[in-house]
Amino acid sequence: MTIPLGHYLILAGIIFAIGLAGALTRKNAIIVLIAIELMFNAAILNLIAFWHYKQFAALTGQMFAIFAISIAAAESAIGLALVIAIYRHYKSVDVDDIKSLKG
Amino acid sequence: MDYAFWTISGITVLGALLAVTLRNLVHCVLSLILFFLGIAAHYFLLRADFIGAVQILIYIGAVAVLILFAIMLTRNVTGEAGPQEVVGVKWWIGSLCAALTAGLISFAVRADSVAETLSPGPKATVAVADIGKGFVGNWIVPFEAMAVLLTAALIGAVVIALEEVRNRR
């Protein structure tokens, strides 16, 4: 028997929720970036699962996944550069210490 | 097929949980690599071979190493998280939001009967040559836009990381 599509969607939802919990609760900015990567991967897993079960047009799902992976790579490079710049400025990567804009 | 799905799903969720809960940052990245491997195995299971290889190359080969470099560049002298808290004071609010999100997604998937009735499409795997032809054919505009985006991201990352050095001179 084959796995229904719903299993993959719920698995992606669980991974997304774990990433959301990490991004909202951890104090280290690098862990927040790791959590964002988890959420990205959950979304891309959804794309591939839908492609496998429906195959709308032969290539579209895989192409979307490749572009999403490229954007995620660019995002993580920029994010880590920002973390390093923030660390040089504040001598800390704790997101609770970065509150210059707080009223 | 069933056993493979459940085993890989367990490994994936375990890696994700450890990646956001462990105290030592390096251990977090190692768990993240486990999670990336699980996702790649899922792609192989779904017959998206090329995406699985791309996942291993980009995420494990590039992103995980990038995060390790960032940890080494920003770590305090002690290295460990130390006695201070690793989570914020209102951690339960974030956890509650995440739990509600998971519950809502599960409820939505369960309530929608379409997801259960879909069956896997024809089992033809996509050849890598077709993906390459797609890049220079049908998808040429997004492909070029992606090239510009990656170049801009590369230059932007270098500029952001160099800023303080330039100001000091």
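Since we're looking at a predicted model, the values are computed, not measured. Convention: sequence-line order gives letters A, B, ...; per-chain numbering from 1.
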Relative to chain A, which segment of [X] carries a heavy atom at a distance below 4.5 Å: side chain, backbone, both, or neither?
X	value
B:I67	both
B:V54	side chain
B:L66	both
B:F69	neither
B:A62	neither
B:I39	side chain

Using heavy-atom distances under 4.5 Å, tell me whether [X] contacts chain B through its side chain, its backbone, both, or neither.
X	value
A:L11	side chain
A:F67	both
A:I15	side chain
A:L45	both
A:L82	both

ask   = Should the heavy atoms of other residues, nucleotides or ligands under 6.0 Å from OH of A:Y90 be counted, would the total exceed 12?
value = yes
Pick whichever of [options] has the most heavy-atom pairs under 4.5 Å with chain B.
options	value
A:L20, A:I48, A:V93	A:I48
A:L24, A:I66, A:I86	A:I66
A:I69, A:I10, A:N41, A:I14	A:N41
A:V95, A:I44, A:V32, A:V83	A:I44

query = Do the side chains of A:R26 and B:W91 get nearer than 4.5 Å, heavy atoms only?
reply = no
Top contributor to chain A interface from [options] [non-hydrogen pairs under 4.5 Å]:
options	value
B:A102, B:G15, B:A16	B:A16
B:C97, B:A19, B:G134, B:P142	B:P142
B:S106, B:G94, B:A64	B:G94
B:L17, B:I105, B:I51	B:I51

Straight-line distance of [X] [atom1] to [Y] [atom2], nearest 0.5 Å:
X	Y	atom1	atom2	result
B:I131	B:D49	CD1	CG	9.0 Å
A:L33	A:N28	CG	CG	9.5 Å
A:L80	B:I71	CG	CD1	9.0 Å
A:I78	B:I160	CD1	CD1	4.5 Å
A:T25	B:I93	OG1	CD1	11.5 Å
A:M63	A:T60	CE	OG1	8.5 Å

key: The single option from B:L25, B:V29, B:N24 passing side chain to side chain contact (heavy atoms under 4.5 Å, CB included) against B:H27   = B:N24
request  = Could you check whether the rings of B:H42 and A:Y8 sit parallel, tilted or perpendicular, using 30° and 60° as the cut-offs?
outcome  = perpendicular
task = Look at the side-chain heavy atoms of Ile, Leu, Val, Met, Phe, Trp and Tyr, link any pair under 4.5 Å apart, and say whether A:F64 and B:L46 land in one connected group.
result = no
task = Please answer: with hydrophobic residues joined when any side-chain heavy atoms are less than 4.5 Å apart, are B:I11 and B:L32 in the same cluster?
result = no
